[in-house]
J.: 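Let me give you the structure first, and then I'll get to my questions.
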Amino acid sequence: MSMSQQAQPAVDRPPASGPKRTDGRTARRPLPLRLLARPEVGVFLGALAVLVFFLITAPPVRDGSSMANILYQSSTIGIMALPVALLMIGGEFDLSSGVAVISSALTASMISYQLTLNVWTGVIVALIASLAIGAFNGWMVVKTGLPSFLVTLGTFLILQGANLAVTKLVTSNVATDDISDMDGFGQAKKIFASSFGVGGVQVKITVVWWLVFAALATWVLLRTKYGNWIFAVGGNKDSARAVGVPVTFTKISLFMLVGFGAWFVGMHNLFAFNTVQSGEGVGQELIYIAAAVIGGCLLTGGYGSAIGPVFGAFMFGMVQQGIVYAGWNPDWFKAFLGVMLLGAVLINLWVSRAATRR
């Protein structure tokens with residue numbers, strides 16, 4: 001073979017016959033494996049299994065009013081689980097979210113009642129206070145570099161003590177006064193705690209808000225630049241900052257979203273029951289975090305969805321009410337919670353390994 005023939009460029013040669021070679025990064029995975037790699041698929045199947053289980057073992061669940069009650073229970077968890085999930089995707093979590101719900105309700109009630117103002121004044125002040133708590137948490141995490149576990153644990157203790165101490169100081173009781181006869185109560189109740197009929201069954205408005213917030217969070221995550229920022233700061237904040245992602249703004253705003261969720265659920269509690277017990281909310285933050293984890297959000301950040309926590313919250317509501325409808329001891333709920341949480345973590349671990357396996 002002559003030198004001129006050896007110098008022929010590779011592009012002039014006919015393409016090699018046979019199947020195209022691909023490595024693990026470019027090979028197209030089977031459809032079932034690609035579906036399992038989605039963070040919400042596993043929890044959807046789990047929620048479906050739990051639903052079928054209780055439909056069989058607890059006949060009252062089949063009644064429309066029972067299902068409406070289950071959805072209501074799920075919505076009060078799910079509304080808070082959504083911003084908690086977004087925060088976890090962003091690489092942080094908030095241990096103060098449970099007591100922050102009660103702080104918001106206490107603020108709105110005492111501002112309105114003790115100052116004899118329209119209840120909407122208390123609602124607005126509570127919103128500002130809730131957003132300020134979220135901003136404080138975010139600012140402390142970003143500026144000090146401390147883990148969000150420590151920062152929000154401190155906020156949790158502060159709010160827990162302040163809720164009880166301030167309520168007793170202002171009302172001379174551990175609960176707030178009844179505000180059901182105050183100006184603006186009826187209007188606020190329609191927004192935060194009303195019901196409407198569907199086929200003869202009363203459905204709480206929180207179920208609608210839950211689904212609306214879930215749709216909005218999904219759109220933000222998948223269709224907006226801000227959603228990309230959330231995944232970026234959760235995956236690697238230093239790399240995200242290097243490519244121009246506003247890490248400080250993103251993290252602080254995520255904590256403020258948790259504050260907004262706490263405000264909304266707090267307003268529901270206030271206008272659904274007219275009064276608030278200052279010692280409530282402790283432990284609820286674990287329920288919100290667990291719903292997000294069961295929904296496919298990793299504790300390490302950078303992975304998850306908004307739909308997964310919807311199914312995670314539904315599983316919680318289903319189990320919590322299903323145990324009662326089945327006539328079992330409700331003390332077993334926490335045991336079921338632990339089993340679901342450990343199972344979800346193991347499934348998420350398997351899915352993440354399967355998704356990255358060549």
J.: Taking all non-hydrogen atoms of both residues into account, name the closest pair between Phe255 and Phe93 and its distance.
T.: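 Heavy atoms of Phe255 and Phe93 come nearest at CE2-O, 4.2 Å.
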J.: Please report the interatomic distance CG(Leu299) to CZ(Phe149), rounded to the nearest 0.5 Å.
T.: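 CZ of Phe149 is found 12.0 Å from CG of Leu299.
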J.: Is Leu254 close to Ile89 at the side-chain level, that is, under 4.5 Å between some pair of heavy atoms?
T.: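 No. Closest side-chain heavy atoms not under 4.5 Å.
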J.: Look at the side chain of Ser74 and the backbone N and O of Ile70, then say whether any donor-acceptor pair between them is shorter than 3.5 Å.
T.: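 Yes; judged by distance alone, with no hydrogens or angles, the pair exists.
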J.: Evaluate the side-chain proximity of Thr224 to Trp229: yes if any heavy-atom separation is below 4.5 Å, no if none is.
T.: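 Trp229 vs Thr224: side chains apart.
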J.: Testing Asn173, Thr167, Val166 one by one against Val170 for a side-chain contact (heavy atoms from CB on, under 4.5 Å), which residue passes?
T.: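 Among Asn173, Thr167, Val166, the one meeting side-chain contact (heavy atoms from CB on, under 4.5 Å) with Val170 is Val166.
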J.: Compare all side-chain heavy atoms of Leu48 with those of Phe311 and state whether any distance is below 4.5 angstrom.
T.: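 Sidechains of Phe311 and Leu48: no contact.
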J.: Linking I/L/V/M/F/W/Y whenever any side-chain heavy atoms sit under 4.5 Å apart, do Tyr325 and Leu55 land together?
T.: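 Yes, because Tyr325 and Leu55 connect within a single hydrophobic cluster, where side-chain heavy atoms sit under 4.5 Å apart.
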J.: Do the side chains of Val265 and Ile111 join up, straight or via other hydrophobic residues, at under 4.5 Å, putting them in one cluster?
T.: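 Different clusters: Val265 never reaches Ile111 through Ile, Leu, Val, Met, Phe, Trp or Tyr contacts under 4.5 Å.
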J.: Is the count of non-hydrogen atoms from other residues, nucleotides or ligands lying under 6.0 Å from Tyr113 atom OH greater than 12?
T.: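 Not buried by this count: 12 neighbours or fewer within 6.0 Å.
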J.: Taking all heavy atoms of Ala306 and all of Thr218, pick out the closest pair and write down the distance.
T.: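 Closest pair (atom of Ala306, atom of Thr218, distance): CB-OG1, 3.5 Å.
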J.: For Lys189, does the NZ atom have more than 12 heavy-atom neighbours from other residues, nucleotides or ligands under 6.0 Å away?
T.: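 For Lys189, atom NZ is crowded (more than 12 foreign heavy atoms under 6.0 Å).
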J.: Students often mix this up, so state it plainly: with edges at 30° and 60°, are the rings of Phe192 and Phe271 parallel, tilted or perpendicular?
T.: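 Plane angle under 30°, so parallel.
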J.: Flag the pair Ile323 / Asn329 as yes when at least one side-chain heavy-atom distance between them is below 4.5 Å, and no otherwise.
T.: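 Answer no - side chains too far apart.
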J.: Side-chain heavy atoms nearer than 4.5 Å, only ILVMFWY residues, links allowed to pass through others: does that put Val125 and Ile102 together?
T.: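 In one cluster with Val125: Ile102, no.
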J.: Any sub-3.5 Å donor-acceptor pair from Thr121's side-chain atoms to Leu117's backbone N or O?
T.: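 Absent.
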J.: Please check if the number of heavy atoms outside Trp139 that lie under 6.0 Å from its CH2 is greater than 12.
T.: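 Result for CH2/Trp139: open.
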J.: Are Asn118 and Met182 close enough, and set up right, to give a side-chain contact (heavy atoms from CB on, under 4.5 Å), and what steps lead you there?
T.: CA-CA 7 Å; Asn118 189 293; Met182 298 191 65; over 6 Å; no
J.: Could you pull out the closest heavy-atom pair between Ser148 and Glu92, with the gap in Å?
T.: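 Of all heavy-atom pairs spanning Ser148 and Glu92, the closest is OG-OE1, 2.9 Å.
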J.: Return the minimal non-hydrogen interatomic distance between Val201 and Gly64, and the atom names on each side.
T.: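 Taking every non-hydrogen atom into account, CG1-O, 3.6 Å.
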J.: Work out which heavy atom in Leu270 is nearest to a heavy atom in Ser109; give both atom names and the distance.
T.: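 Taking Leu270 first and Ser109 second, the nearest heavy atoms are CD1-CB, 3.8 Å.
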J.: Under a 4.5 Å cut-off applied to non-hydrogen side-chain atoms, are Pro309 and Cys297 in contact?
T.: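 The answer is yes, as the side chains (C-beta and beyond) meet within the 4.5 Å cut-off.
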J.: Determine yes or no for a side-chain-to-main-chain donor-acceptor pair under 3.5 angstrom, with Thr155 supplying the side chain and Val151 the backbone.
T.: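 Yes: the side chain of Thr155 pairs with the backbone of Val151.
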J.: Verify whether one side chain among Thr152 and Ser96 offers a donor that lies under 3.5 Å from an acceptor in the other.
T.: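 Result is no, nothing qualifies.
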J.: Quick one: pull up OG1 in Thr57 and CZ in Phe54 and give me the separation to the nearest 0.5 Å.
T.: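 Between Thr57 OG1 and Phe54 CZ, I get 5.5 Å after rounding to 0.5 Å.
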J.: Take Tyr303 and Phe231 through the test ring-ring contact (aromatic ring centres under 6.0 Å, His included) and record every step on the way to the result.
T.: CA-CA 7 Å; Tyr303 183 83; Phe231 283 107; 8.2 Å; no
J.: To the nearest 0.5 Å, what is the distance between OG on Ser66 and CG on Leu71?
T.: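 These two atoms lie 11.0 Å from each other.
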J.: Would you give the length of the straight line joining atom CG of Asn274 to atom CG of Asp178, rounded to the nearest 0.5 angstrom?
T.: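 Interatomic distance, Asn274 CG to Asp178 CG, rounded to 0.5 Å: 4.5 Å.
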J.: Would you check if the side chain of Ser239 reaches a backbone N or O of Asn236 as a donor-acceptor pair within less than 3.5 Å?
T.: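 Answer holds: no.
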J.: Report the C-alpha separation of Asp177 and Gln114 in whole Å, then their side-chain angles, then the decisive distance to 0.1 Å, and conclude whether the side-chain contact (heavy atoms from CB on, under 4.5 Å) test is met.
T.: CA-CA 9 Å; Asp177 299 285; Gln114 265 62 40; 3.2 Å; yes
J.: For Trp263, run the side-chain contact (heavy atoms from CB on, under 4.5 Å) check against Leu131, Val101, Val258, Val123 and tell me which one passes.
T.: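 Testing each of Leu131, Val101, Val258, Val123 against Trp263, the sole residue satisfying side-chain contact (heavy atoms from CB on, under 4.5 Å) is Val123.
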J.: Hey, are the side chains of Leu95 and Ile289 touching, using non-hydrogen atoms and a 4.5 Å cut-off?
T.: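 Yes - at least one pair of side-chain heavy atoms lies under 4.5 Å apart.
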J.: Under 3.5 Å, is there a donor-acceptor pair linking the side chains of Ser253 and Tyr226?
T.: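 Yes, side-chain donor-acceptor contact under 3.5 Å.
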J.: Between the side chains of Ser75 and Thr206, does any donor sit under 3.5 Å from an acceptor?
T.: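 Distance-only check passes for Ser75 and Thr206.
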J.: Rounded at 0.5 Å granularity, tell me how far CD1 in Ile77 sits from CG in Leu82.
T.: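 Answer for the CD1-CG pair, Ile77 versus Leu82, is 12.0 Å.
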J.: With Lys204 as the cation and Tyr72 as the aromatic partner, state whether NZ or CZ is under 6.0 Å from the six-membered ring centre and within 45° of the axis.
T.: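 Yes.
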J.: Which value, rounded to the nearest 0.5 Å, describes the distance between Lys190 atom NZ and Ile205 atom CD1?
T.: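 Rounded to the nearest 0.5 Å, the NZ-CD1 separation comes out at 12.0 Å.
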J.: Please report the C-alpha distance between Asp94 and Val84 in whole Å, then the side-chain angles of each, then the deciding distance to 0.1 Å, and finally whether the side-chain contact (heavy atoms from CB on, under 4.5 Å) criterion is met.
T.: CA-CA 7 Å; Asp94 191 342; Val84 168; 5.6 Å; no
J.: Tell me, do Thr275 and Ile179 make a side-chain contact under 4.5 Å, heavy atoms counted?
T.: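 No, side chains not in contact.
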J.: Do Leu51 and Phe314 have side chains that approach each other closer than 4.5 Å (heavy atoms only, starting at C-beta)?
T.: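 The answer is yes, as the side chains (C-beta and beyond) meet within the 4.5 Å cut-off.
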J.: Should Thr176 and Leu106 be marked as a side-chain contact (heavy atoms from CB on, under 4.5 Å) after you check the CA-CA gap, both sets of side-chain angles, and the distance that decides it?
T.: CA-CA 7 Å; Thr176 61; Leu106 292 172; 3.4 Å; yes
J.: Consider only side-chain N and O atoms of Glu280 and Asn163, and report whether a donor and an acceptor are under 3.5 Å apart.
T.: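 No donor-acceptor contact under 3.5 Å links the two side chains.
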J.: Is Leu286 linked to Leu86 within one hydrophobic cluster, defined over Ile, Leu, Val, Met, Phe, Trp and Tyr using a side-chain heavy-atom separation of less than 4.5 Å?
T.: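 Shared cluster, no.
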J.: With hydrophobic residues grouped by side-chain heavy-atom distances under 4.5 Å, do Leu87 and Phe136 end up in a single group?
T.: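 Leu87 and Phe136: one cluster.
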J.: What heavy-atom pair brings Gly90 and Lys251 nearest, and what distance separates the two atoms?
T.: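 Taking every non-hydrogen atom into account, O-NZ, 2.9 Å.
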